[in-house]
Amino acid sequence: MRFSNYFIPTIKEVPNDAIVKSHILMIRAGMIRQLTAGVYSYLPLGFRVFNKIINIVREEMNSIGGVEFQLPGLSPNELWMESGRYEIYGDDIFKLKNREMVLAPTHEEIFTTIAKANLNSYKSLPQIWYQIHTKFRNEARPRAGVLRTREFTMKDAYSFDKDWEGLDVSYEKHAHAYRNIFFRCGLKFFSVKAHSGAMGGKDSEEFMVEAEAGEDSVLLTEDRTYASNIEVAVSYREPVGRKNSNLSFEKFSTPNIKSIDELADFLKITDKSRLAKSRVFVNVKTNEDGTKTNEYILALVCGDDEVNESKLTVLFGLGLRPAHNEELPEITGADAGSIGPIGIKNPNVKIIADQTLKEADELVSGANENDFHIRNIDLTRDVNNIEYYDIRTAKDGETIPGTDKKLREAKAIEIGHIFKLGLHFSQKLGAYFLDKDGKENPIVMGSYGIGVQRLAASYIEQNNDENGIIWEGEISPFHIHLICVNPKIESTKIFSDKLYDELGKKGYEILYDDREDIRPGFKFKDADLIGLPVQVIVGEKNLNEGKIEFKLRRTGERFLIPENELIVLLNNYKYLFGFK
RNA sequence: CGGAGCGUAGCGUAGCCCGGUUAUCGCGCCAGAUUUGGGAUCUGGAGGUCGCAAGUUCGAAUCUUGCCGCUCCGACCA
């Protein structure tokens with residue numbers, strides 16, 4: 001590609017709106033431009049990278065037997081009401097104003113509709129169906145350039161199996177394909193156990209790239225044998241245990257004490273583990289007749305721990321939400337800050353506590369009366385029907401239960417998600433098949449996604465320096481940045497043109513900076529910013545001695561080589577181009 | 001949705017607090033000249049509904065109110 005005939009609007013200055021590295025560099029290198037919040041135009045260079053990723057994804061999906069579709073972006077409201085997601089998604093789904101339709105944020109419903117009509121026999125299962133195209137999500141807060149947007153390209157795949165064992169196989173195939181994809185894209189990635197989210201389902205694994213710009217928190221061991229999203233991570237914490245002094249509980253005045261920290265200061269103690277923190281949750285249950293009832297839950301953890309809402313959701317279901325501040329006095333008798341397990345106003349509140357508090361005594365907690373707490377609470381003696389679960393959020397520095405392996409907390413970007421969906425959509429939308437015995441069964445489904453732009457941004461997060469992006473491997477937009485220092489000098493122009501043709505014929509993808517009236521420094525800066533793995537520089541002085549310059553982008557190393565050695569040298573570096 | 005900040009030429013900005021000539025500067029752009037190995041120099045030039053609307057005022061980029069948009073933090077996030 002001749003630069004003079006291409007379109008790469010590079011920018012020297014850092015754009016005002018960009019904070020995150022990959023965002024800044026994608027704009028500066030002329031890959032993307034923002035149209036409005038969370039909506040980006042893909043410029044030729046960016047589009048080229050995305051397409052490289054798409055091709056890798058396509059190859060790996062095909063290799064596990066995936067078949068490619070292209071489904072509509074528009075779909076009728078009705079379909080989403082049937083699956084129940086019209087409500088669940090709420091504002092996150094784009095709704096058309098002049099037609100009863102939505103812009104699909106994902107395609108379970110539509111793929112399932114096709115499965116319902118056509119996968120009627122166990123003989124037609126299993127199937128892996130996928131597509132690579134645009135998704136629309138009305139994100140409340142798009143951020144960090146292309147990392148979280150309202151319109152993006154996603155590879156979404158769905159597996160259809162006759163039983164759970166079949167799903168396991170389909171799931172493993174995807175896990176394998178995903179590892180190949182991310183490896184080929186040159187990412188340093190890992191996978192974590194994940195929360196399987198609103199649709200129920202069993203196993204779920206997220207593929208992560210560690211990056212400061214990430215929105216997810218993960219806990220991992222240094223040897224990466226364990227990694228987990230913080231939403232589900234389990235770690236060991238010494239139980240609080242019993243002191244058995246058998247002190248009776250007593251209420252005491254704690255004026256204006258709202259937080260655990262304030263309470264600790266007030267009591268002049270530093271160990272907050274016995275200051276039991278109470279959080280109140282409302283679990284909205286839908287009854288058979290469609291009416292709704294509220295279940296109330298009080299969750300206790302150590303004062304220096306946090307309640308993990310994802311873990312609670314697993315225990316109680318999707319209707320769970322934190323109680324609003326206005327509801328608290330009605331449920332407990334006090335405002336946030338004075339709530340505890342003893343003397344709750346509503347006698348039907350279910351009390352649960354984290355395992356670390358199992359049978360603990362001499363606890364301090366709110367008295368369910370503003371500005372009062374209670375000390376010497378013995379959960380075994382004083383709280384009836386208490387149940388213990390793992391409901392705390394694991395923390396940096398803690399160990400994996402039963403080992404001495406330490407967990408480190410890190411920020412990460414989720415680049416892919418594989419997920420055993422189960423029966424939710426097949427049952428809701430009526431996708432059943434007949435088994436060998438002529439019996440009707442719901443199809444067992446899996447769902448698998450990869451965000452294309454997010455993957456590119458993740459790569460850039462991991463591969464950049466103060467001069468720009470550093471591309472290497474299969475997703476580099478081109479292989480070689482050929483720079484003719486001054487095309488106005490005939491000898492260099494003739495030589496560069498010839499080199500461009502020859503290298504092209506050898507299968508190299510070349511970005512050829514043939515621009516006239518651009519000073520050399522400008523071309524070099526552009527080359528480093530765009531960041532192709534190898535730069536070949538043709539200048540008058542060197543060429544007069546039969547030499548050209550060869551530069552490696554990552555290390556900045558330059559070699560002055562005889563022109564006829566270029567082909568051999570390039571061959572030595574073919575791994576930089578993702579050549580086998 | 002809550003909190004904070006911002007909106008002046010394609011990009012980055014000064015001016016705003018304390019209202020008053022022709023709205024500042026740099027990059028980029030156009031023309032010419034000189035230049036050509038790390039984002040050139042000089043000369044000349046084009047480019048603006050100061051986000052929008054209403055208000056206060058003799059007079060508003062500047063003050064007030066409302067709206068819109070964007071960014072960041074948080075909430076949310078199959």
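If you're wondering where the values come from, they're calculated on a predicted model, not measured in any experiment. For the numbers below, each heavy atom of this structure counts, side chains included, while hydrogens, waters and symmetry mates do not. Throughout, a chain's letter reflects where its sequence line sits, starting with A, and its residues are numbered from 1.
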Distance check, P atoms only: B:G51 and B:G15, in whole angstrom units. 15 Å

Decide ring pair (Phe, Tyr, Trp, His ring centres under 6.0 Å) for A:Phe425 and A:Tyr158; before the verdict, give the C-alpha distance in whole Å, the side-chain angles of both, and the deciding distance to 0.1 Å. CA-CA 11 Å; A:Phe425 290 95; A:Tyr158 308 87; 8.6 Å; no

Any strand is fair game: report the nucleotide pairing with B:C6 by Watson-Crick or G-U wobble, both distances under 3.5 Å, or none. B:G69

Could you give the distance separating B:C77 and B:G5 at their C1' atoms, to the nearest angstrom? 25 Å

Are the charged groups of A:Lys420 and A:Asp168 less than 4.0 angstrom apart, N to O? yes

In the strands shown, is B:G32 matched to any nucleotide by a Watson-Crick or G-U wobble pair with both distances under 3.5 Å, and which? B:C42

Counting side-chain heavy atoms from C-beta on, which of B:G37, B:U36, B:U71 comes nearest to A:Asp517? B:U36

Of the nucleotides B:G37, B:G39, B:C72, which has the atom closest to the A:Ile19 side chain? B:C72

Would you mind telling me which of B:A40, B:G37, B:G38 lies closest to the side-chain atoms of A:Phe522? B:A40

Below 3.5 Å, does any donor atom in the side chain of A:Asp528 face an acceptor in the base of B:G38, or the other way round? yes

Which listed nucleotide (B:G39, B:G38, B:C72) is nearest to the side chain of A:Arg558? B:G38

Mind checking the P distance from B:C58 to B:G19? Whole angstroms is fine. 15 Å

For B:U65 versus B:U24, give the span between their C1' atoms, rounded off to a whole number of Å. 29 Å

Check the distance between B:C77's P and A:Ile413's CD1 and give it to me in whole angstrom. 20 Å

Indicate, with a heavy-atom threshold strictly under 4.0 Å, whether A:Gln34 touches base, sugar-phosphate, or nothing. sugar-phosphate

From NZ of A:Lys12 over to C1' of B:G26, roughly how many Å is that when rounded to an integer? 9 Å

Is any side-chain N or O of A:Arg148 under 3.5 Å from a base N or O of B:C77, one able to act as donor and the other as acceptor? yes

To the nearest angstrom, how far is A:Asn542 atom CG from B:G37 atom P? 11 Å

Using 4.0 Å as the upper bound for N to carboxylate O, is an ion pair formed by A:Asp465 and A:Arg553? yes

Rounded to whole Å, please give me the gap between CG in A:Asn138 and P in B:C1. 10 Å

Going by distance alone, is a donor N or O of one side chain under 3.5 Å from an acceptor N or O of the other, for A:Thr492 and A:Glu540? no

Just name whichever nucleotide pairs with B:C76, Watson-Crick or G-U, keeping both distances under 3.5 Å, else none. none

Per atom distances to the A:Phe524 side chain, the nearest of B:U13, B:G37, B:C72 is B:G37

For atom CG of A:Asn16 and atom C1' of B:G5, their distance in whole Å: 11 Å

Taking the P atom of each, how far is B:A54 from B:G59, in whole Å? 15 Å

Between A:Leu429 and A:Leu79, is any pair of side-chain heavy atoms under 4.5 Å apart? yes

Here the distance between atom C1' of B:G12 and atom CD1 of A:Ile27, to the nearest Å, is 13 Å

Return the nucleotide paired to B:U21: Watson-Crick means purine N1 to pyrimidine N3 with N6-O4 or O6-N4, wobble means G-U with N1-O2 and O6-N3, both under 3.5 Å. none

Looking across every strand, which nucleic acid part, if any, lies under 4.0 Å from A:Lys488 by heavy atom: base, sugar-phosphate, or nothing? base

Under 4.0 Å, counting only non-hydrogen atoms across every strand here, what does A:Ser447 touch: a base, just sugar-phosphate, or nothing? base

Which of B:U36, B:U71, B:G69 is nearest the side chain of A:Pro520? It is B:U36

With distance as the sole criterion, do the side chain of A:Arg515 and the base of B:G39 form a donor-acceptor contact below 3.5 Å? no

Base paired to B:G37 (Watson-Crick or G-U; both N/O distances under 3.5 angstrom): none

The side chain of A:Glu13 is closest to which nucleotide in this list: B:G38, B:C72, B:G26? B:G26

Which of the following nucleotides, B:G37, B:U36, B:G39, is nearest to the side chain of A:Asn486? B:U36

Heavy atoms only, 4.0 Å cut-off, all strands: where does A:Ile489 land among base, sugar-phosphate and nothing? nothing

Touch check for A:Arg28, heavy atoms < 4.0 angstrom, all strands: base, sugar-phosphate only, or nothing? base

Ring centres under 6.0 Å, that's the criterion: do A:Phe550 and A:Tyr573 meet it? yes

Sugar-phosphate only, base, or nothing, as touched by A:Ala140 at under 4.0 Å among non-hydrogen atoms: base

Residue pair A:Arg150 / A:Thr36, side-chain donor-acceptor N/O under 3.5 Å: no

Nearest-Å distance for atom pair CD/C1', residues A:Glu309 and B:A75: 10 Å

Distance criterion of 3.5 Å, no angle test: do you see the side chain of A:Arg519 paired donor-to-acceptor with the base of B:U35? yes

Start at the 5' end of RNA chain B and walk down; is the nucleotide closest to A:Glu215 or to A:Arg143 reached first? A:Arg143

Checking contacts here: which listed nucleotide (B:G69, B:U71, B:G39) is nearest the side-chain heavy atoms of A:Thr36? B:G69

B:C67 and B:C29, which share atom name C1', separated by this distance in whole Å: 34 Å

Is it true that A:Gln535 and A:Asp528 share a donor-acceptor pair across their side chains at a distance under 3.5 Å? yes

Does A:Arg141 put a side-chain nitrogen or oxygen below 4.0 Å from OP1 or OP2 of B:G2? no

From CD of A:Glu139 across to P of B:C76 the rounded distance in Å is 14 Å

Classify A:Ala144 by what it touches in the nucleic acid, base, sugar-phosphate, or nothing, heavy-atom distance under 4.0 Å. sugar-phosphate

